[in-house]
Amino acid sequence: MTARRGPSRLLASLLLLSCCVPAWTARAMDDGGGRSVFATGAGNRALAMGGAFCALADDASAPIWNPAGLGRVQRRELQASQTTLFGLGFNEQYASFVLPSWRWGSTSLTWRRFGVDGIEERDDRGFLLGDDLEDSETELALGYGRSLLDGDLALGGTLKLQRQALAGYQDSGVGMDLGIWARPLALAGSHRALARQLAVGLTVRNAIEPTIKLDQDNVPDPIAVRAGLA
């Protein structure tokens with residue numbers, strides 16, 4: 001315990017400071033169609049909490065919110081959901097499977113798909129050519145997370161492939177998410193009960209930005225940071 005206390009206290013301080021720094025602004029608009037559909041997250045439990053899941057992330061949706069949370073999953077878990085907005089032509093599918101191992105850490109496979117139909121097609125003068133275009137966006141992600149230092153620290157990452165098909169155009173891009181989860185007071189050497197209850201999480205979404213080019217321009221899914229305290 002003494003040997004690790006110095007570096008652990010430094011790490012604990014850095015983690016607490018990170019939660020006091022505002023998250024970086026994503027290089028994209030929050031409206032006007034400039035925001036990625038994958039930025040909204042998935043998983044009924046996490047969404048019901050308003051997305052405040054970065055410092056919890058202990059189920060099959062962890063690869064989306066904080067891949068470090070995969071190291072905290074104790075048993076095999078499968079999540080799946082289907083959403084359809086009738087009359088609006090929108091549908092969403094989500095599935096995630098986690099396979100934990102006490103020896104090697106946890107791995108996950110996550111699949112998400114968004115589809116929209118009934119999109120209008122217009123020429124450069126705004127004349128309506130049709131209203132039956134379809135857009136499909138898919139993300140397949142392979143995640144890994146591992147718990148360290150008696151469960152007080154966890155690290156993880158997700159490698160993902162995004163693909164979009166729209167009006168006869170299609171392209172793919174590869175990206176990566178990184179995450180860290182910790183109990184900072186426990187890492188600092190505190191033995192109080194509160195030390196095991198206080199947790200922080202930090203995720204860099206799109207540390208490697210997936211970029212898709214449908215016609216002329218490369219459009220990246222921008223980098224963003226999530227930080228949380230639980």
Item to check | Under the ring pair (Phe, Tyr, Trp, His ring centres under 6.0 Å) test, residues paired with Y94 that sit two or more places apart | outcome: none
How many angstroms lie between [atom1] in [X] and [atom2] in [Y], if you round to the nearest 0.5 Å?
X    : Y    : atom1 : atom2 : result
T107 : F97  : OG1   : CZ    : 8.0 Å
N66  : R226 : CG    : CZ    : 9.0 Å
E209 : N218 : CD    : CG    : 11.5 Å
L159 : I208 : CG    : CD1   : 7.5 Å
R196 : D150 : CZ    : CG    : 7.5 Å
R112 : E92  : CZ    : CD    : 6.5 Å

Minimum heavy-atom separation for [X] and [Y], please, with both atom names.
X    : Y    : answer
V98  : S106 : CG1-CB, 4.3 Å
V73  : P100 : O-CB, 3.4 Å
G151 : S147 : CA-OG, 3.2 Å
Q82  : T84  : NE2-OG1, 2.7 Å
L187 : A182 : CD1-CB, 3.8 Å
G143 : L70  : C-CD1, 3.7 Å

Can you find a pair of side-chain heavy atoms, one from [X] and one from [Y], that are under 4.5 Å apart?
X    : Y    : value
R205 : D221 : yes
N206 : K160 : yes
L153 : I180 : yes
M49  : L56  : yes
L109 : L140 : yes
E139 : F114 : no
L229 : L198 : yes
Q79  : S61  : yes

Are [Y] and [X] co-members of a hydrophobic cluster defined by side-chain heavy atoms under 4.5 Å apart?
X    : Y    : result
L194 : V200 : yes
Y144 : L155 : no
L78  : L99  : yes
L47  : F53  : yes

Donor-acceptor pair, [X] side chain versus [Y] backbone, under 3.5 Å?
X    : Y    : value
S96  : A60  : yes
W65  : A42  : yes
R72  : A154 : no
R183 : Q197 : no

Let me have the donor-acceptor pairs involving side chains of residues 163-176, under 3.5 Å, with sequence neighbours excluded, atom names and distances please.
residue: R163; atom: NH1; partner: S172; partner atom: OG; Å: 2.6
residue: R163; atom: NH2; partner: Q170; partner atom: OE1; Å: 3.0
residue: Q164; atom: NE2; partner: D135; partner atom: OD1; Å: 3.0
residue: D171; atom: OD2; partner: K213; partner atom: N; Å: 2.7

Checklist outcome for this item: side chain to side chain contact (heavy atoms under 4.5 Å, CB included) filter on V219, not counting sequence neighbours, yields none
Next on the checklist: For the residue pair E134 / S136, report whether a side-chain donor-acceptor contact shorter than 3.5 Å exists.
Outcome noted: no
Next on the checklist: Under the criterion salt bridge (charged side-chain N to carboxylate O under 4.0 Å, His left out), I'd like the reasoning laid out for R45 against D58: C-alpha separation, chi angles, the key distance, then a yes or no.
Outcome noted: CA-CA 11 Å; R45 178 186 172 208; D58 57 357; 2.7 Å; yes
